[in-house]
Amino acid sequence: MLHPFIILPLIVLFICQEVIANTEIINFLAAEERNVDFSSTTVDSWPILNYKNNQGHWNVDPALLDTPLQQVCESKTGIDPANPFPCLHELWVALDLDDESWMSYSKFTLRLSWPASSPADFLLEIYSPQAILTRLSRLPHQSAIDDASITAPHLSRTGLSTTRLKYARIRVVDTGIRTPTPDLPESAAQTIPFILILEQLYLGVLPASLLPTVCFLIPGLSCAALATPWILSYLDHFIKQARQELRDFSTAQRKKEH
């Protein structure tokens with residue numbers, strides 16, 4: 001007799017959708033840290049993901065083929081002092097985790113998806129406000145950091161002296177070889193579109209967007225597991241009947257031959 005749970009993989013295969021995109025994921029802890037006021041710097045103009053707007057769509061030009069991801073938009077010293085942030089091959093996004101609806105969650109996930117038809121590799125990194133401040137402080141002119149300071153004694157735009165705000169750095173490099181054309185030389189790379197989604201993790205492991213699927217699977221699989229023995233028992237009657245008919249048919253055939 002078939003194993004009672006043999007039907008479960010079939011159910012999973014039935015509900016699975018066709019994969020049409022590549023995905024990169026980074027999970028991180030939303031620890032509180034000292035806030036930094038970037039209101040008068042370029043950091044303040046970065047796009048923001050938060051509870052009410054937790055996803056966005058962007059296009060970034062990838063670095064050339066065979067460029068190591070860790071070296072994209074970096075100099076030999078790890079940072080270009082004359083150009084610490086603006087780079088065609090990367091995107092910086094602020095992750096605002098201070099919303100009241102998210103305060104009970106300590107772990108989050110940032111998921112990046114791009115078309116499978118776009119050959120590219122992405123690197124996701126999470127920075128704290130202090131790390132951004134340190135990066136700014138490496139500018140050749142000290143005046144560039146004057147507008148960004150630790151919130152104490154004054155508060156940041158969030159009104160908090162501590163924050164769970166984080167910053168995501170997304171870098172991309174081309175991984176495909178395209179046939180050169182007059183309009184697209186061999187060294188050129190097409191812009192890569194991608195979607196970025198910020199979500200809380202339930203129990204520290206389950207993304208919010210997967211909760212409805214899990215809630216559907218648990219009762220569905222439970223019902224299937226309970227119903228499988230009954231279904232197999234019901235079908236077993238017909239299987240035995242079919243086997244008996246085959247045996248009777250074989251016996252009749254042998255009698256005719258003799």
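Quick caveat: nothing in here was measured; it's all calculated off a predicted structure.
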(request) Give me the ring orientation class for Phe38 and Tyr167: parallel if the planes are under 30° apart, tilted from 30 to 60°, perpendicular past 60°. (result) perpendicular
(request) Apply side-chain contact (heavy atoms from CB on, under 4.5 Å) to Ala120 and list each qualifying residue two or more places apart in sequence or on a separate chain. (result) Trp114, Phe122, Val172, Ile192
(message) Is there a side-chain contact between Ile132 and Pro129 in this structure, where contact means two heavy atoms from C-beta onward sitting under 4.5 Å apart?
(response) no
(message) Can you give me the closest heavy-atom contact between Asp98 and Arg164, atom names plus distance?
(response) OD1-N, 2.9 Å
(request) For Glu125, enumerate each residue passing the side chain to side chain donor-acceptor pair (under 3.5 Å) test, keeping only those at least two apart in sequence or located in another chain. (result) Arg171
(request) Check whether any side-chain heavy atom of Phe194 sits under 4.5 Å from a side-chain heavy atom of Glu24, and report yes or no. (result) no
(request) For residues Asp174 and Pro119, report the shortest heavy-atom separation together with the two atoms involved. (result) OD1-O, 3.0 Å
(message) Test question: given the 4.5 Å side-chain rule for I, L, V, M, F, W and Y, name all other residues clustered with Ile195, or answer none.
(response) Ile197
(message) Under the rule for ring pair (Phe, Tyr, Trp, His ring centres under 6.0 Å), what residues qualify as partners of Phe28, not counting sequence neighbours?
(response) none
(message) If the condition is side chain to side chain donor-acceptor pair (under 3.5 Å), which residues does Arg247 pass it with, not counting sequence neighbours?
(response) Gln244
(request) Answer whether the closest heavy-atom distance between the side chains of Asn54 and Leu49 falls below 4.5 Å. (result) no
(message) Within this structure, what is the CG-SG distance for the pair Leu91 and Cys73, rounded to the nearest 0.5 Å?
(response) 10.5 Å
(message) Using the salt bridge (Lys or Arg N to Asp or Glu O under 4.0 Å) criterion, which residues pair with Lys52? Sequence neighbours excluded.
(response) none
(request) Identify, with sequence neighbours excluded, every residue that meets side chain to side chain donor-acceptor pair (under 3.5 Å) alongside Asp99. (result) Ser101
(request) Without swapping roles, check the side chain of Asn35 against the backbone of Ser161 for a donor-acceptor pair under 3.5 Å. (result) no
(request) Identify, with sequence neighbours excluded, every residue that meets side-chain contact (heavy atoms from CB on, under 4.5 Å) alongside Ile26. (result) Leu110, Leu124, Ile126
(message) Quick check: closest heavy atoms across Pro193 and Ser118, and the distance to 0.1 Å?
(response) CD-OG, 4.0 Å
(request) Tell me, please, which residues at least two apart from Glu33 pass salt bridge (Lys or Arg N to Asp or Glu O under 4.0 Å). (result) Lys166
(message) If only side-chain N and O atoms count, and only distance matters, is there a donor-acceptor pair under 3.5 Å linking Asp121 with Thr175?
(response) no
(message) Could you measure the distance from the SG atom of Cys87 to the CZ atom of Arg169? Nearest 0.5 Å is fine.
(response) 7.5 Å
(request) Check whether more than 12 heavy atoms from other residues, nucleotides or ligands sit under 6.0 Å from atom OH of Tyr51, and answer yes or no. (result) no
(message) With a 4.5 Å cut-off on side-chain heavy atoms, are Leu165 and Val36 touching?
(response) no
(request) Applying side chain to side chain contact (heavy atoms under 4.5 Å, CB included), run through Asp61 and His89 and close with a yes or a no. (result) CA-CA 5 Å; Asp61 293 326; His89 314 308; 4.3 Å; yes
(request) Rounded to the nearest 0.5 Å, what's the gap from CG on Leu198 to CG on Asp96? Could you check? (result) 9.0 Å
(request) Mind checking side-chain contact (heavy atoms from CB on, under 4.5 Å) for Gln241 and listing every partner two or more places apart, or none if nothing turns up? (result) His237, Phe238, Glu245
(request) Mind checking the CG-OG1 spacing from Leu97 to Thr163? Nearest 0.5 Å is all I need. (result) 7.5 Å
(request) With rounding to the nearest 0.5 Å, note down the distance linking CZ in Phe108 to CD in Gln200. (result) 6.5 Å
(request) Each residue besides Leu123 in its hydrophobic cluster should be listed here, by chain and number; the cluster joins Ile, Leu, Val, Met, Phe, Trp and Tyr at side-chain heavy-atom distances under 4.5 Å. (result) Leu69, Val72, Val173
(message) To the closest 0.5 Å, what do you measure between OG (Ser106) and CD (Glu32)?
(response) 11.5 Å
